[in-house]
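First comes the structure, then the notes that go with it.
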Amino acid sequence: MQPNRILLVRKLDPPQSWNPRVKNYLCATGFYHVSRIGMIRGSYPLLAVLVERWRPKTHTFVLSVGEVTVTLEDVAHIFGLPIDGEPVSGWTDSSSDFVQSQSMAIFEREPVLSRNSKSYIKFGWVRCIRDEEPLDTEESIRRYVRCQIFCMLGSTLFTDKSTAYAHAMYLPLLRNFEQIHTYSWGTACLAHLYRALYCASRYDTKEMDDPLNLLFVWTWERMPCISPVSRHILSPAEIPVAMR
């Protein structure tokens, strides 16, 4: 990365609050731990240094002490996401018919889409649906949890340069509630981080995608000498470590 290049990043979103009544359902999907993470304020000069030392060919940071990188074990401890199971993959259809049908199946409503891309669904609309759920039936609770997970996928795990929308391609993965926990969400999150670092390391890139929370916490845990809070006053580590 060029020394004088300013790398722009999206504003880190505040934590997604949720109703404690759905705790068991979040546990069943594998998203309970990551849902407990609060606001993390990162250091953007630190981010610039990390990007400058990232080597895309080896997926490692080249430091004076050697090469280091974020691993699946780190993702499991920092975010508490499952790293075993089926790959997070599938065909992507950006047609309006696909988005409409998937939205009706998941939210039982026609979606509010981005003006620039009809395959992106507005976060505010999804959150309104979530907050209006009475949670008095099994289906109402499941719809609430699906809304919560969709917002987390778009704002925490697989974020892009959009700050108000998430791609509808995640909806099919949430359709079968019993299968949500079977996907290796942690693996997909790590792959997204590698891709974001690869793109950010290009000389002509001016913006970077997330998951920055994962990168910041990993850096502070692995290199506590640059952590904004001294290790001896931190609470004992638990899953997810990012809660520290």
Side-chain angles (χ1 to χ4, degrees), residues 8-16 18 26 29-37 39-40 42 47 51 54 59 70-72 74-76 78-94 98-99 102-103 106-107 111 113-114 116-127 130 145-175 179-200 205 207-218 240 242:
L8 302 177
V9 296
R10 54 171 283 164
K11 179 182 178 182
L12 294 178
D13 291 329
Q16 293 289 318
W18 45 275
L26 280 173
T29 61
F31 279 84
Y32 170 66
H33 292 303
V34 71
S35 296
R36 299 166 61 208
I37 299 173
M39 185 67 174
I40 297 176
L47 176 63
V51 170
W54 178 255
H59 299 301
V70 187
T71 66
L72 279 177
D74 293 322
V75 178
I78 292 172
F79 273 179
L81 289 170
I83 58 175
D84 297 317
E86 298 295 322
V88 179
S89 64
W91 54 276
T92 301
D93 188 343
S94 299
F98 168 81
V99 178
Q102 292 297 323
S103 178
I106 300 296
F107 307 123
L113 305 175
S114 167
N116 299 324
S117 176
K118 300 302 181 181
S119 58
Y120 280 79
I121 298 177
K122 191 173 183 179
F123 282 137
W125 176 77
V126 177
R127 289 167 181 150
R130 178 196 61 187
V145 173
R146 287 189 180 101
C147 291
Q148 174 71 14
I149 294 175
F150 181 79
C151 290
M152 292 188 61
L153 294 178
S155 65
T156 303
L157 304 185
F158 309 129
T159 54
D160 54 25
K161 297 176 181 63
S162 171
T163 59
Y165 298 87
H167 201 286
M169 64 182 176
Y170 305 120
L171 294 181
L173 301 173
L174 307 179
R175 192 162 184 170
Q179 288 186 357
I180 295 177
H181 77 282
T182 65
Y183 293 108
S184 181
W185 297 104
T187 303
C189 181
L190 181 61
H192 189 80
L193 175 63
Y194 281 178
R195 180 181 180 275
L197 286 167
Y198 168 79
C199 294
T205 300
E207 297 180 272
M208 180 177 176
D209 297 339
D210 290 35
L212 295 181
N213 284 344
L214 172 63
L215 182 59
F216 286 136
V217 176
W218 172 83

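Hydrogens, waters and symmetry mates play no part in the numbers below; they use all other heavy atoms, side chains included. From a predicted model like this one, the values you see are computed outputs, not experimental measurements.
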Problem - Spatial distance of atom CG (L153) from atom CE (M169) [nearest 0.5 Å] - result: 9.5 Å
Exercise for the section: Work out which heavy atom in S184 is nearest to a heavy atom in I83; give both atom names and the distance. Expected result: OG-O, 3.0 Å
Problem - Validation row: I106, F150 side chains within 4.5 angstrom (heavy atoms) - result: no
Fill in the blank from the handout: Separation between CG (L214) and OG1 (T156), nearest 0.5 Å, reads 11.0 Å
Exercise for the section: Check whether any side-chain heavy atom of T187 lies under 4.5 Å from a side-chain heavy atom of V88, and answer yes or no. Expected result: no
Handout entry: Side-chain touch C151/W18, heavy atoms, less than 4.5 angstrom
Key = no
Handout entry: pair P87-Y183: side-chain heavy atoms closer than 4.5 Å
Key = no
Practice task
Examine distances only and state if a side-chain atom of Y194 and a backbone atom of V70 form a donor-acceptor pair shorter than 3.5 Å.
Solution key: yes
Problem - Backbone N/O of I180 and side chain of W185: donor-acceptor pair under 3.5 Å - result: yes
Completion exercise
Taken in chain and number order and not counting sequence neighbours, the residues that satisfy side chain to side chain donor-acceptor pair (under 3.5 Å) with Y198 are none
Problem - Side chain proximity check, I37 to V217, heavy atoms < 4.5 angstrom - result: no
Exercise for the section: Side-chain contact test, heavy atoms from C-beta onward, threshold under 4.5 Å: evaluate it for W218 versus V75 and give yes or no. Expected result: no
Exercise for the section: Identify, with sequence neighbours excluded, every residue that meets side chain to side chain donor-acceptor pair (under 3.5 Å) alongside W54. Expected result: none
Problem - Backbone N/O of L174 and side chain of R146: donor-acceptor pair under 3.5 Å - result: yes
Handout entry: Considering all heavy atoms, the nearest M152-V34 contact
Key = CE-CG1, 3.1 Å
Problem - Minimal non-hydrogen separation, G30 against H181, with atom names - result: N-CB, 4.4 Å
Exercise for the section: State which residues pass side chain to side chain donor-acceptor pair (under 3.5 Å) with T71; sequence neighbours excluded, sorted by chain then number. Expected result: D74
Completion exercise
Between the CG atom in L212 and the CD1 atom in I40, the distance rounded to the nearest 0.5 Å is 10.5 Å
Problem - Interatomic spacing from CD in E86 to CG in L173 - rounded to 0.5 Å - result: 11.0 Å
Completion exercise
Minimal heavy-atom distance between V99 and P111, with the atoms involved, is CG1-CG, 3.9 Å
Exercise for the section: Over all heavy atoms of both residues, which pair between G154 and T159 is shortest? Give the atoms and the distance, please. Expected result: O-CG2, 2.9 Å
Exercise for the section: State the CD-CZ distance between Q148 and F31, to the nearest 0.5 angstrom. Expected result: 10.0 Å
Practice task
In sequence, state the C-alpha distance, the side-chain angles, and the governing distance for L171 and F107, and then conclude on side-chain contact (heavy atoms from CB on, under 4.5 Å).
Solution key: CA-CA 10 Å; L171 294 181; F107 307 123; 3.8 Å; yes
Exercise for the section: Please round to the nearest 0.5 Å and tell me the distance separating atom CD1 of I149 and atom CZ of R130. Expected result: 12.0 Å
Exercise for the section: Please examine the side chains of R36 and P240, heavy atoms only from C-beta on, and report whether any two atoms are closer than 4.5 Å. Expected result: yes
